[in-house]
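Report on the following structure.
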Amino acid sequence: MKKYTFILFCLLAGAVALSAQQITRFAVVDTSRIYATFLRDSRSVRDYQAKQVKYQAEIQRMSDEIIALRQKKVDAEAIGKTDAVQKYQAEIDAKTSFLLEYSKACNDELAVLRKSLVSDDVFYSRLYAAIKKIAESQGYTMVLNLQQGEAIIWYSPTVDITETVIRELSSN
């Protein structure tokens with residue numbers, strides 16, 4: 001009898017331990033495909049993304065200019081042209097300062113747009129509600145956006161809920 005009681009106790013302890021551990025399930029969604037599917041409805045979201053891409057390209061262009069100037073400065077230092085080194089350093093400082101201000105201004109503008117988009121945009125609200133509904137009904141604890149997923153190295157197509165979200169948005 002003690003043997004059965006001990007086995008039952010072990011099984012109960014195991015069941016309690018398993019129920020205490022929650023398995024984190026992730027899903028991914030390709031928002032660009034969703035926006036492309038609902039082109040008319042997602043205009044403000046696409047405008048925000050276009051502005052974001054434009055700003056990023058401009059920031060990258062300015063960063064590349066600074067890198068090129070730094071290389072020219074190093075080359076001038078190597079051959080002993082102190083006047084050119086000073087000229088390049090002044091230009092690097094000016095462009096770096098401008099880049100920081102430009103980047104801050106762009107980020108501020110994008111933050112304001114994102115805030116208004118999240119709070120005012122009907123399509124974004126519908127999209128968020130659809131993703132939340134699907135994630136909760138299918139047991140996902142987190143949904144990652146593939147457009148903002150530089151850290152996502154690989155994912156299984158089985159966790160891509162994009163088509164399900166499109167169907168959900170189409171049914172509303």
In a check of salt bridge (charged side-chain N to carboxylate O under 4.0 Å, His left out) between Glu168 and each of Lys132, Arg126, Lys133, which one passes? Lys133
Please tell me whether Leu146 and Phe26 are part of a single hydrophobic cluster in this structure, the criterion being side-chain heavy atoms less than 4.5 Å apart. yes
Between Lys73 and Gln89, is there a side-chain heavy-atom distance shorter than 4.5 Å? yes
Heavy-atom neighbours of Arg25 CZ exceed 12 at 6.0 Å: yes
Nearest 0.5 Å, please: how far is CG in Asp30 from CD1 in Ile161? 11.5 Å
Would you call Glu163 and Arg33 a salt bridge, using N to O less than 4.0 angstrom? yes
Separation of Lys54 NZ from Glu58 CD (nearest 0.5 Å): 8.5 Å
Do Phe98 and Tyr88 share a hydrophobic cluster (ILVMFWY, side-chain heavy atoms under 4.5 Å, transitive)? yes
Which heavy atom of Tyr48 sits nearest to which heavy atom of Leu110, and what is that distance? CE1-O, 3.4 Å
Single-linkage hydrophobic cluster, 4.5 Å side-chain cutoff, Leu113 and Val53 together: no
Does any N or O in the side chain of Ser97 come within less than 3.5 Å of the main-chain N or O of Asp93, such that one atom is a donor and the other an acceptor? no
Drop me the distance from Ile59's CD1 to Gln56's CD, to the nearest 0.5 angstrom. 5.5 Å
Say whether Val85 and Ile92 are linked into one hydrophobic cluster, either directly or through other cluster members, by side-chain heavy-atom distances under 4.5 angstrom. no
If you round to the nearest 0.5 Å, how far is CD1 of Ile134 from CZ of Arg167? 8.0 Å
Between CD of Glu101 and OG1 of Thr96, what distance do you get to the nearest 0.5 Å? 12.0 Å
Is Glu91 salt-bridged to Lys87, going by a charged N under 4.0 Å from an acidic O? no
Quick one: does Gln71's side chain get under 4.5 Å of Asp75's, heavy atoms only? yes
Minimal heavy-atom distance between Tyr140 and Thr158, with the atoms involved, is OH-O, 3.8 Å
Pairwise distance CD1(Ile131) to CG(Asn145) - rounded to 0.5 angstrom: 7.5 Å
Lys104/Asp108 salt bridge by N-O under 4.0 Å criterion: yes
Do Val28 and Met142 sit in one hydrophobic cluster, given that two such residues count as connected whenever their side-chain heavy atoms are within less than 4.5 Å of each other, even indirectly? yes
